[in-house]
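In this chain, residues are counted from 1 in sequence order. Just follow the structure's listing: the first ligand is 1, and inside any ligand the first atom is 1.
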Amino acid sequence: MDFTNKTAIVTGAGQGIGFEICRQLAANGARVVLNDIDADLALKATGAINQLYPGSTHALPGDCSETGVIQQLVLEAHTRFGRLDILIANAGITLFGAFLDYTPEDFYKVMQVNLGGSFFLAQAAARLMRQQGSGGSILFMSSVTGHLAHKGLVAYGMSKAALEMLARNLVIELSEYGININSIAPGATLTERTTTDKNYEAAWKKITPGGRPATVADIAHAALFLVHERSRHINGQHLVIDGGWTSVGIQPE
Ligand SMILES: NC(=O)c1ccc[n+]([C@@H]2O[C@H](COP(=O)([O-])OP(=O)(O)OC[C@H]3O[C@@H](n4cnc5c(N)ncnc54)[C@H](O)[C@@H]3O)[C@@H](O)[C@H]2O)c1
């Protein structure tokens, strides 16, 4: 998949899935604006990718659910790389908690980052893409927990299901500008965060029909497929990448 002369923004990309998406985009010729709320992580990640693919990636740290950061991200793509073709709204937070004890603070935080951040960044990116007149691709990062109920993840699961509806709605709003919008829903994925739980990999191995949780490369591969120019006719769709888990739906212990 060739991404030469394409510019992408990827949020929450200092580590995990977002980092691997940036690395694969850069490996295939794209220029990338890499965002993370953790400035050290953003700079380290950008340094690592630029060492492999010099000049490909620029770090823009900050909370991608804040209006000012959203504007900066789009401006940076425009001024530094001359255009914006791809937005991958990857950043998302998981705040576990039982419904009966869940606090308004946690609820609104999850909605602000997972939903508000994706919504307003897509809006800002689409405005620039409309102005450029050559279309573009937007991808939202959902989750299998937006499809199947999962213990302790009421707010998170709601936010992920809503992102899939956002993608569908934007088909009406943005198709006339040649912009397609899709979402992917990873199942359990091995990342720096998830593997802090030492039982994570073994637990998901046991209950995933494919025999293992996803790697970040599995997820990034699907992301690149959907944001490639040749996939522009795929619009308003949701791709689950879970080794078959949602077909069976056994909950982890
Ligand atoms: N890892 C999984 O098993 C899994 C499964 C399904 C869906 N997802 C989704 O995939 C995405 C990436 O998951 P991950 O596990 O790689 O992420 P992660 O939890 O490792 O976070 C990646 C980065 O996002 C950054 N971040 C957090 N809030 C931010 C904000 N407001 N602005 C900018 N950066 C922010 C963090 O600093 C971190 O470096 C998320 O949307 C997550 O909900 C992950």
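Scanning all protein heavy atoms for the shortest distance to atom 24 (O) of ligand 1 gives Gly12 CA, 3.3 Å. Protein heavy atom at the shortest distance from atom 31 (N) of ligand 1 is Asp63 OD1, 2.9 Å. When only non-hydrogen protein atoms are considered, atom 32 (N) of ligand 1 lies nearest to Cys64 N, 3.0 Å. From the protein, the heavy atom lying nearest to atom 40 (C) of ligand 1 is Asn90 O, 3.2 Å. In terms of protein heavy atoms, atom 1 (N) of ligand 1 is closest to Arg193 NH2, 3.4 Å. At the top of the distance list for atom 16 (O) of ligand 1, counting protein heavy atoms only, stands Ile17 N, 2.9 Å. Of the protein's non-hydrogen atoms, Ile93 CG2, 3.7 Å is the one closest to atom 28 (N) of ligand 1. For atom 21 (O) of ligand 1, the nearest protein heavy atom (residue, atom name, distance) is Gln15 NE2, 4.4 Å.
In this model, no donor atom of one side chain and acceptor atom of the other lie less than 3.5 Å apart for Thr191 and Thr189. For the residue pair Glu164/His147, the side-chain donor-acceptor check at 3.5 Å is satisfied.
Close approach of ligand 1 to Leu41 is summarised as follows: ligand atoms under 4.0 Å from at least one heavy atom of the residue are 39 (O). Close approach of ligand 1 to Asn35 (heavy-atom distance below 4.0 Å) involves ligand atoms 33 (C), 34 (N). Remark: ligand 1 atoms within the under-4.0 Å shell around heavy atoms of Thr194 are 1 (N), 3 (O). When each atom of ligand 1 is checked for a heavy atom of Gly16 under 4.0 Å away, the hits are 16 (O). Each of the following atoms of ligand 1 lies closer than 4.0 Å to a heavy atom of Gly62: 32 (N), 33 (C).
Atom OG1 of residue Thr11 and atom CD1 of residue Ile21 lie 9.0 Å apart, to the nearest 0.5 angstrom. How far CD of Gln24 is from CG of Asn28: 7.0 Å, rounded to the nearest 0.5 Å. One finds the OG1 atom of Thr57 at 7.0 Å from the CZ atom of Phe81 (value rounded to the nearest 0.5 Å). Separating the CG atom in Leu153 from the CZ atom in Phe99 is a distance of 14.5 Å, to the nearest 0.5 Å. Annotation: the span from Ile234 atom CD1 to Leu226 atom CG amounts to 5.5 Å, rounded to 0.5 Å. Once rounded to the nearest 0.5 Å, the distance linking OG of Ser118 with CD1 of Ile88 reads 12.0 Å.
By the criterion of a heavy-atom distance under 4.0 Å, both the backbone and the side chain of Thr189 are placed next to ligand 1. With a 4.0 Å heavy-atom cut-off, ligand 1 is reached by the side chain of Tyr200 but not by its N, CA, C or O. Only backbone heavy atoms of Ser142 (N, CA, C or O) come within less than 4.0 Å of ligand 1; its side chain stays farther off. By the criterion of a heavy-atom distance under 4.0 Å, neither the backbone nor the side chain of Glu192 is placed next to ligand 1.
A salt bridge does not link Asp85 to Arg31: none of the charged nitrogens lies less than 4.0 Å from a carboxylate oxygen. Look at Glu229 and Lys6 and you find a salt bridge, because one of the NZ, NE, NH1 or NH2 atoms lies within 4.0 Å of a carboxylate O, short of that distance.
The distance criterion of under 3.5 Å between nitrogen or oxygen atoms is met by Lys160 with respect to ligand 1. Considering both main-chain and side-chain atoms, Ile37 comes within under 3.5 Å of ligand 1 through a nitrogen or oxygen pair. For ligand 1, one of its N or O atoms has an N or O atom of Tyr156 under 3.5 Å away.
Taking a 4.0 Å cut-off on heavy atoms, Gly117 fails to register as neighbouring ligand 1.
Atom OH of Tyr53 has more than 12 heavy atoms from other residues, nucleotides or ligands within 6.0 Å.
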Step by step, would you call Arg230 with Asp2 a salt bridge (Lys or Arg N to Asp or Glu O under 4.0 Å)? CA-CA 10 Å; Arg230 286 202 300 266; Asp2 185 20; over 6 Å; no
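Residue Tyr156 forms a side chain to side chain contact (heavy atoms under 4.5 Å, CB included) with just one option from Thr94, Ile93, Leu95, and that option is Thr94.
With Leu190, Ile88, Asp36, Val110 as candidates, the residue nearest to atom 39 (O) of ligand 1 on a non-hydrogen basis is Asp36.
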